[in-house]
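Each remark here refers to the structure printed beneath this line.
In the text below, chain A, chain B and the rest are named by the order of the sequence lines, each starting its count at 1.
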There are 2 protein chains.
Amino acid sequence: MSSPPPLQSAKATNHPLHEQIRASIERKILTGALKPGDRIPFEHELMESFDCSRMTVSKALAGLVSKGLVVRRRRAGSFVAHPPSASTLLDVPDIQADIQGRGLDYAYQLLSRRLRAPLASRREECELAKGGQLLDLTCLHVAGGTPFAYESRLISLETVPDARMADFSVSPPGTWLLDHVPWSQAQHRISAAASDARLSKLLDVSIGAPCLVLERTTWHGNRPVTQVRQTFPGERHAFLGAFSHT
Amino acid sequence: MSSPPPLQSAKATNHPLHEQIRASIERKILTGALKPGDRIPFEHELMESFDCSRMTVSKALAGLVSKGLVVRRRRAGSFVAHPPSASTLLDVPDIQADIQGRGLDYAYQLLSRRLRAPLASRREECELAKGGQLLDLTCLHVAGGTPFAYESRLISLETVPDARMADFSVSPPGTWLLDHVPWSQAQHRISAAASDARLSKLLDVSIGAPCLVLERTTWHGNRPVTQVRQTFPGERHAFLGAFSHT
DNA sequence: GAGTGGTCTAGACCACTTG
DNA sequence: AAGTGGTCTAGACCACTCA
């Protein structure tokens with residue numbers, strides 16, 4: 001005889017089981033324990049681990065898919081997704097991919113590279129450094145021969161020690177970071193500013209010309225990764241986004 | 001005797017059933033057949049309508065919840081969600097709510113109001129009008145005594161005939177539209193421009209000062225609703241957004 | 001107190017990919 | 001060919017909430 005319905009034994013917390021499973025996997029992804037491309041245990045393995053039915057596991061994974069953290073392929077399994085490299089207003093844009101996506105030649109120029117401590121007077125630099133050092137970079141992105149954006153970036157070597165050895169004279173730091181930091185959250189700020197003398201020379205615009213300024217801080221899990229300020233000639237560039245109330 | 005497993009009778013399309021159900025309800029919401037606050041049939045009603053199990057109906061509704069189109073309340077039922085009025089970079093922002101949310105006084109001034117046909121030379125105006133007339137408005141938003149944004153807006157009277165009678169001398173058209181058009185999609189464009197003489201006077205900035213320009217076209221279902229261009233003093237304003245790869 | 005949605009199960013068949 | 005995820009069922013208990 002079959003025992004009566006299992007009675008949902010040991011519902012330790014008040015969170016539903018599928019959320020616990022989702023959170024458990026999500027944590028592993030966000031902390032980097034599971035990196036992009038890594039395989040996630042099969043459904044039947046998770047069924048055993050969490051002692052639940054397949055539908056429950058499936059619901060948990062479906063949540064991760066809808067967040068874009070996981071991709072699932074029949075017969076192959078489930079894997080941690082690669083961060084999208086496409087550029088929209090919402091994503092962390094990769095300027096190189098963006099320019100090449102428009103069919104333009106991309107060129108890049110490293111203007112300066114400096115290893116330094118955070119300025120004690122700048123609170124956000126200290127938070128970024130987290131006690132370590134900062135890599136301070138400035139560079140120029142060029143699209144089809146025309147200056148596209150000036151970029152000033154700080155990278156926290158405490159969070160991304162590998163950046164110290166990376167060769168940013170060839171490929172831009174943004175692209176490198178997208179490839180080497182598994183997942184991120186970002187805080188954006190878009191404003192407008194007038195071009196000063198130095199910027200005007202770099203971007204080939206007149207002094208005082210309106211520019212779009214994008215400032216972004218990026219985290220990996222709860223560790224700060226990088227802080228970047230990109231300046232675009234305002235009449236040559238725009239941010240696009242198609243949104244539904246979704 | 002019970003018949004053998006129902007064999008998924010009549011799988012007309014190759015879309016899964018839960019997606020068909022979701023699409024069916026989503027369509028009703030996007031076309032306005034179901035308006036915000038309207039009740040969605042109970043799960044057991046949908047089970048009968050679509051002749052399927054409750055889990056399948058539940059999956060369909062869960063999809064709509066995750067899109068923010070539907071809210072569900074125990075014992076009460078499922079309802080079409082009200083569009084969010086909060087303002088982020090992704091949403092359709094309501095300037096009035098935005099300013100008041102910062103604890104500043106909000107003032108509003110209607111500068112002009114004109115009923116007119118679309119200019120045949122401007123393709124986007126003709127698409128917006130869809131054969132009807134346009135309401136052409138310009139106005140100024142003021143926050144705490146300081147000019148905040150200049151707005152130039154076109155409303156398609158073909159899609160929103162009620163706008164003809166609305167009193168935009170009191171409340172701004174953006175707020176009115178958010179309250180009267182049930183759901184929308186939007187296309188945004190953010191750029192920077194220099195302030196001209198007229199704008200400088202209105203916004204109280206110097207001529208040539210950098211300004212943030214937000215252009216947005218909004219649709220209700222597949223009908224164009226409105227097209228707006230808002231200009232912000234660039235050093236006084238910024239667009240913020242916190243994003244995760246979600 | 002009754003009915004809603006929230007969650008879960010233990011099966012099943014199917015479609016797809018390649019382990 | 002085998003094994004994965006995708007979908008679906010016909011039940012069940014529960015928590016919540018509102019008439």
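dG6(C) atom C1' lies 7 Å from atom CZ of Arg54(B), rounded to whole Å. Atom P of nucleotide dG5(C) and atom CE of Met55(B) are separated by 14 Å, given to the nearest angstrom. Between Arg22(A) atom CZ and dC8(C) atom C1' there is a gap of 17 Å when expressed in whole angstrom units. For Leu61(A) and dC8(C), the CG to P distance is 14 Å, given to the nearest whole Å. Across the protein-nucleic acid pair, Leu64(A) atom CG and dG5(D) atom C1' stand 15 Å apart, rounded to whole Å. Going from atom CZ of Arg72(A) over to atom P of dT17(C) covers 15 Å, rounded to whole Å. Regarding His44(B), its NE2 atom lies at a distance of 17 Å from the P atom of dA10(D), rounded to whole Å. Summarising the geometry, the separation between NE2 on His18(B) and C1' on dG5(D) is reported as 12 Å, rounded to the nearest angstrom.
The aromatic rings of Tyr108(B) and His141(B) sit tilted, their planes meeting at an angle between 30° and 60°.
Side-chain N/O atoms of Thr56(B) include one lying less than 4.0 angstrom from OP1 or OP2 on dT9(D). For Ser78(A) and dG5(D), the shortest distance from a side-chain N or O to OP1 or OP2 is below 4.0 Å. Neither OP1 nor OP2 of dC8(C) sits under 4.0 Å from any side-chain N or O of Lys59(A).
Of the candidates dG5(C), dC8(C), dC8(D), dC8(C) carries the atom nearest the Leu17(A) side chain, counting heavy atoms from C-beta on. Checking dG19(C), dG6(C), dT7(D) against the side-chain heavy atoms of Glu43(B) singles out dG6(C) as nearest.
In this structure, Phe42(A) reaches the bases: a heavy-atom distance under 4.0 Å links it to at least one base atom across the strands shown. Using a 4.0 Å heavy-atom distance criterion, Arg39(A) is classed as a base contact.
Crowding of Asp105(A) atom CG: a count of heavy atoms from other residues, nucleotides or ligands under 6.0 Å not exceeding 12. Within 6.0 Å of atom CZ in Arg102(A), more than 12 heavy atoms from other residues, nucleotides or ligands are found, so the atom counts as buried in its surroundings. Within 6.0 Å of CD in Glu19(A) there are more than 12 heavy atoms belonging to other residues, nucleotides or ligands. Around the CD atom of Glu48(B), the shell of radius 6.0 Å holds no more than 12 heavy atoms that belong to other residues, nucleotides or ligands.
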Can you name the atoms? Protein N/O to nucleotides 17-19 of chain D N/O, anything below 3.5 Å, with the distance.
none

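One finds a salt bridge joining Glu43(B) and Arg72(B) here, because a Lys/Arg side-chain nitrogen approaches an Asp/Glu carboxylate oxygen to under 4.0 Å.
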List, one per line, each side-chain donor-acceptor pair under 3.5 Å for residues 154-162 of chain B, sequence neighbours excluded.
| residue | atom | partner | partner atom | Å |
| --- | --- | --- | --- | --- |
| Ser156(B) | OG | Leu128(B) | O | 2.8 |
| Ser156(B) | OG | Glu158(B) | N | 3.4 |
| Ser156(B) | OG | Thr159(B) | N | 3.4 |
| Thr159(B) | OG1 | Pro224(B) | O | 2.7 |

